[in-house]
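The first residue in the sequence is number 1, and the count goes up from there.
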Amino acid sequence: MSSVAENGVSVAVDQNEYLADGASTVDAVVTIETGADFVTTGRPQERVEILIIDCSGSMGVGAKFDGARTATMAALDVLPDGTRFAIVQGTSMAKLIYPTDMPSVPASRETRAQARRHLDLLRPSGGTAMGTWLGLARQLARKHEGAMVHAILLTDGKNEHEEPAALAAEIQQSEGAFTCDCRGVGTDWRVEELRAIASALHGTVDIVADPGRLAEDFAAMARSSMAKAIPELTLRVWTPAGAAVRFVKQVAPTIEDLTARRTEAGGQIGEYPLGAWGAEERDYHVQIRVEPAAPGREKLAARVSVVADEQVVGQGLVRAVWTTETDLSARISRRVAHYTGQAELAQAVQEGLAARNSGDAETATAKLRRAVELAAESGNESTAKLLRGVVEVDEHNGTVRLRASVNAADEMALNARSTKTKRVRKEG
């Protein structure tokens with residue numbers, strides 16, 4: 001493992017740099033750690049919190065709407081005074097319900113009380129068009145140039161009142177304007193729709209089946225947002241002539257494929273957006289294709305740099321050494337192997353659930369059996385527990401069978417949380 005720390009940012013590279021004679025693929029896990037000193041020395045940022053609440057007619061069923069109002073106030077209560085906020089009513093259109101005459105207001109005892117009064121006047125009615133919700137949030141974000149803008153989007157339903165292409169276009173236009181955590185309450189929404197939003201906007205997606213749990217979840221999301229003081233970090237990857245990046249994936253704390261988000265920066269350099277940061281660690285799996293060299297020859301396969309405000313604040317090197325000694329080239333980096341398995345686990349879960357829902361029991365059983373194996377091998381106890389809500393596992397012979405009856409919330413929780421990984425410590 002190689003590790004370089006600059007300006008309070010540590011970049012550690014775990015890999016087996018030895019390649020078999022003729023091999024052309026180099027894998028490395030890059031761990032980026034931002035220290036508290038680095039986070040606190042950044043320039044103070046104006047903060048804006050946008051709360052997007054589904055107010056469609058279906059939210060009036062049961063305790064969902066009351067839970068949403070309580071959760072909105074719970075989020076506002078944990079915002080430091082002075083943090084600007086806005087509340088958006090989401091139906092088949094989006095409407096700013098507080099404040100009504102400006103893009104946002106600073107949090108204070110008075111504005112929280114006013115927000116509560118506006119929320120109390122809301123009544124659920126109408127449809128669901130999430131693209132319009134994102135569009136209004138983007139307009140609000142652009143009224144706060146230079147601010148860190150975070151949104152929480154809550155829905156209980158499917159995006160039924162606009163074309164899928166309209167939502168996709170709004171998601172694309174919103175990238176970089178604000179970050180967004182998404183939550184679904186109940187079981188009538190689509191994980192894939194909220195995952196598409198959260199993934200593009202550097203957020204999280206999860207189910208809150210019980211409306212009574214929304215308040216604690218909203219408060220936790222607001223606290224997490226306030227803990228992020230770095231608006232954007234970028235991973236810059238340089239490769240030498242003849243080499244190319246095959247993929248870049250975030251693999252911890254969740255799996256997120258960043259490969260398609262690459263922007264060319266000239267001279268064999270690609271840049272990948274990493275979103276907002278606090279004092280934290282994240283792991284990335286980088287795979288490089290290189291031109292093979294003679295045994296004994298060493299090459300620099302890639303230089304990975306962390307960039308903030310156009311300044312390199314951390315750097316690591318990915319190397320390749322060709323050898324004819326199989327005991328060297330056959331070693332697999334423990335962390336590369338672990339995260340490769342975690343990515344396969346997430347894919348097996350999602351493909352298995354998709355097959356189950358389409359009625360393909362044979363494929364569903366095979367995929368979910370593989371998921372059970374991978375969860376056990378990697379020690380991912382959270383996913384293993386969720387899998388048991390969908391399949392039955394015979395502890396004696398390892399047989400896996402689909403459950404005849406599955407709780408919808410259990411299945412959606414497994415789907416939504418399938419990308420959460422079991423972290424493995426750095427070598428050494």
Side-chain angles (χ1 to χ4, degrees), residues 39-55 68-90 93-122 130 132-154 170 173-183 197-198 200-204 214-233 275-279 308-309:
V39 174
T40 56
T41 54
R43 67 179 186 274
Q45 296 279 325
E46 182 179 56
R47 310 299 292 266
V48 182
E49 194 74 19
I50 303 174
L51 297 147
I52 308 171
I53 307 304
D54 186 341
C55 297
R69 284 191 289 210
T70 301
T72 301
M73 291 310 304
L76 295 183
D77 285 343
V78 303
L79 297 182
D81 282 356
T83 305
R84 303 193 73 88
F85 73 91
I87 303 174
V88 171
Q89 174 188 21
M93 58 181 289
K95 180 181 179 181
L96 182 63
I97 61 149
Y98 185 77
T100 57
D101 55 351
M102 61 187 72
S104 67
V105 292
S108 67
R109 184 174 181 178
E110 180 183 1
T111 57
R112 290 185 183 95
Q114 291 173 353
R116 183 184 298 277
R117 287 193 288 271
H118 280 76
L119 284 167
D120 287 343
L121 294 174
L122 282 181
M130 294 180 219
T132 67
W133 310 355
L134 296 178
L136 179 53
R138 186 173 67 254
Q139 292 176 34
L140 297 175
R142 287 177 174 166
K143 299 288 187 181
H144 300 84
E145 187 175 354
M148 289 183 65
V149 184
H150 172 256
I152 295 174
L153 185 153
L154 174 71
E170 291 290 352
Q173 291 177 62
S174 298
E175 290 184 40
F178 60 97
T179 59
C180 185
D181 288 314
C182 298
R183 292 295 182 268
I197 297 170
L201 304 186
H202 296 285
T204 61
L214 282 171
E216 61 183 284
D217 195 44
F218 268 48
M221 286 187 284
R223 288 192 191 97
S224 177
S225 169
M226 293 299 106
K228 296 186 187 302
I230 306 168
E232 178 75 67
L233 290 181
W277 283 62
D309 288 331

Smallest heavy-atom separation, Phe85 atom then Ala107 atom, equals CE2-CA, 3.8 Å
Separation between CG of Leu214 and CZ of Arg69, rounded to the nearest 0.5 Å: 13.0 Å
For Arg84, what residues pass the salt bridge (charged side-chain N to carboxylate O under 4.0 Å, His left out) criterion, not counting sequence neighbours? none
Check step by step if side chain to side chain contact (heavy atoms under 4.5 Å, CB included) holds for Phe218 and Leu51. CA-CA 10 Å; Phe218 268 48; Leu51 297 147; 4.3 Å; yes
Keeping Thr83 on the side-chain end and Pro80 on the backbone end, is there a donor-acceptor pair under 3.5 Å? yes
Please examine the side chains of Ile97 and Leu122, heavy atoms only from C-beta on, and report whether any two atoms are closer than 4.5 Å. yes
Taking only residues two or more places apart in sequence or in another chain, which ones pass salt bridge (charged side-chain N to carboxylate O under 4.0 Å, His left out) with Asp81? Arg112
Report the C-alpha separation of Arg117 and Gln114 in whole Å, then their side-chain angles, then the decisive distance to 0.1 Å, and conclude whether the side chain to side chain contact (heavy atoms under 4.5 Å, CB included) test is met. CA-CA 5 Å; Arg117 287 193 288 271; Gln114 291 173 353; 3.2 Å; yes
In terms of side-chain heavy atoms, does Thr204 have a donor or acceptor partner in Arg183 at a distance below 3.5 Å? yes
So do the side chains of Met148 and Val48 get within less than 4.5 Å of each other, counting heavy atoms only? no
Could you walk me through whether Val149 and Thr179 satisfy the side chain to side chain contact (heavy atoms under 4.5 Å, CB included) test, starting with their C-alpha distance in whole Å, then the side-chain angles of each, then the deciding distance to 0.1 Å, before giving a yes or no? CA-CA 7 Å; Val149 184; Thr179 59; over 6 Å; no
Minimum heavy-atom separation for Val39 and Ala279, please, with both atom names. CG2-N, 3.5 Å
Taking every heavy atom of His144 against every heavy atom of Pro103, the minimum-distance pair comes out as CE1-CB, 3.5 Å
How long is the straight-line distance from CG of Asp181 back to CG of Leu153, given to the nearest 0.5 Å? 10.0 Å
Applying side chain to side chain donor-acceptor pair (under 3.5 Å), name anything that partners Ser174, two or more places apart in sequence or on another chain. Arg138
Non-hydrogen side-chain atoms of Glu49 and Ile152 separated by less than 4.5 Å: yes
Return yes if some donor-acceptor pair links the side-chain N/O of His202 with the main-chain N/O of Ala198 below 3.5 Å, else return no. no
Spacing of CG belonging to Leu119 relative to OH belonging to Tyr98, to within rounding of 0.5 Å: 10.5 Å
Do you know the tightest heavy-atom contact between Cys182 and Ile197? SG-CG2, 3.6 Å
Smallest heavy-atom separation, Ala222 atom then Val78 atom, equals CB-CG2, 3.5 Å
4.5 Å side-chain heavy-atom contact, Ile87 and His118: no
Could you state the interatomic distance from CD (Glu170) to CD (Glu175), rounded to the nearest 0.5 Å? 12.0 Å
Could you check whether any side-chain N or O of Ser225 sits under 3.5 Å from a backbone N or O of Met221, counting only pairs where one atom can act as donor and the other as acceptor? no
Euclidean distance, Met102 CE relative to Leu140 CG, rounded to 0.5 Å: 12.5 Å
Ala141 and Ala177 have their tightest heavy-atom pair at CB-O, 3.7 Å
To the nearest 0.5 Å, tell me how far Ile50 CD1 sits from Leu136 CG. 7.5 Å
